[in-house]
Amino acid sequence: MSYEGTTVPQRDSPAGECDYCGHPFPTTDRLVLHKGLEHPQELDADEEDAFLSARADEEDELRTLRLKALGALVLLYFGFLMLYAIVA
């Protein structure tokens with residue numbers, strides 16, 4: 001995985017650097033996810049638990065985002081359908 005162009009903005013200080021490759025990350029969650037995805041063989045038990053917890057949180061957030069997007073699309077669809085029924 002290439003990290004070119006994925007830098008921490010100068011106004012922000014990195015939350016941490018990867019112990020294995022030295023890449024800086026803006027949040028500790030992103031650092032934990034990086035370690036679990038890119039360096040799984042080097043993780044100790046605590047780091048693995050942190051990765052599994054962060055991944056579960058990320059999956060919950062993605063599920064919520066998908067449901068909100070689906071709801072917005074359904075509302076938009078029926079809104080246009082009602083508008084068409086009124087105008088036509």
Side-chain angles (χ1 to χ4, degrees):
M1 178 177 253
S2 173
Y3 294 108
E4 295 174 18
T6 56
T7 59
V8 177
Q10 289 181 350
R11 68 182 184 283
D12 296 336
S13 61
E17 287 187 0
C18 179
D19 299 331
Y20 310 110
C21 65
H23 184 72
F25 288 90
T27 64
T28 55
D29 286 342
R30 290 180 78 184
L31 175 61
V32 168
L33 288 169
H34 162 78
K35 285 182 180 180
L37 293 173
E38 297 297 320
H39 312 288
Q41 63 279 6
E42 285 100 4
L43 298 181
D44 61 16
D46 291 336
E47 288 176 326
E48 189 172 342
D49 290 342
F51 167 69
L52 293 175
S53 175
R55 187 173 68 177
D57 291 344
E58 185 88 4
E59 287 173 356
D60 289 344
E61 290 176 19
L62 283 173
R63 187 176 303 114
T64 302
L65 176 66
R66 288 179 185 137
L67 286 173
K68 287 180 180 179
L70 178 63
L73 285 175
V74 167
L75 287 175
L76 185 65
Y77 172 77
F78 282 108
F80 279 130
L81 184 65
M82 292 299 135
L83 182 64
Y84 177 76
I86 292 170
V87 172

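Below, all heavy atoms of this structure are taken into account, side chains as well, without hydrogens, waters or symmetry copies. Bear in mind the structure is a predicted one, so any value in this text is a computation, not a measurement.
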Quiz item: Which atom names give the shortest non-hydrogen contact between Leu33 and Phe51, and what distance separates them?
Solution: O-CE1, 3.8 Å
Quiz prompt | Side-chain touch Glu38/Cys18, heavy atoms, less than 4.5 angstrom | solution = no
Exercise. Determine which pairs satisfy side-chain hydrogen bond (donor to acceptor under 3.5 Å, both in side chains) with at least one residue from residues 56-67, sequence neighbours left out, and list them in order.
Key: Asp60-Arg63
Practice problem: Quick one: closest heavy-atom pair of Cys21 and His34, and the distance? | Solution: SG-NE2, 3.4 Å
Quiz prompt | Those residues that, when tested against Asp29, pass side chain to side chain donor-acceptor pair (under 3.5 Å) (two or more places apart) | solution = none
Under 3.5 Å donor-acceptor pairs involving side-chain atoms of residues 68-88, not counting sequence neighbours:
none

Quiz item: With Glu47, which residues qualify under side-chain contact (heavy atoms from CB on, under 4.5 Å), at least two apart?
Solution: Asp19, Tyr20, Lys35, Leu43, Asp44
Quiz item: Can you name the residues that form a salt bridge (Lys or Arg N to Asp or Glu O under 4.0 Å) with Asp46, not counting sequence neighbours?
Solution: none
Quiz prompt | With sequence neighbours excluded, residues passing side-chain contact (heavy atoms from CB on, under 4.5 Å) with Ala50 | solution = Val32
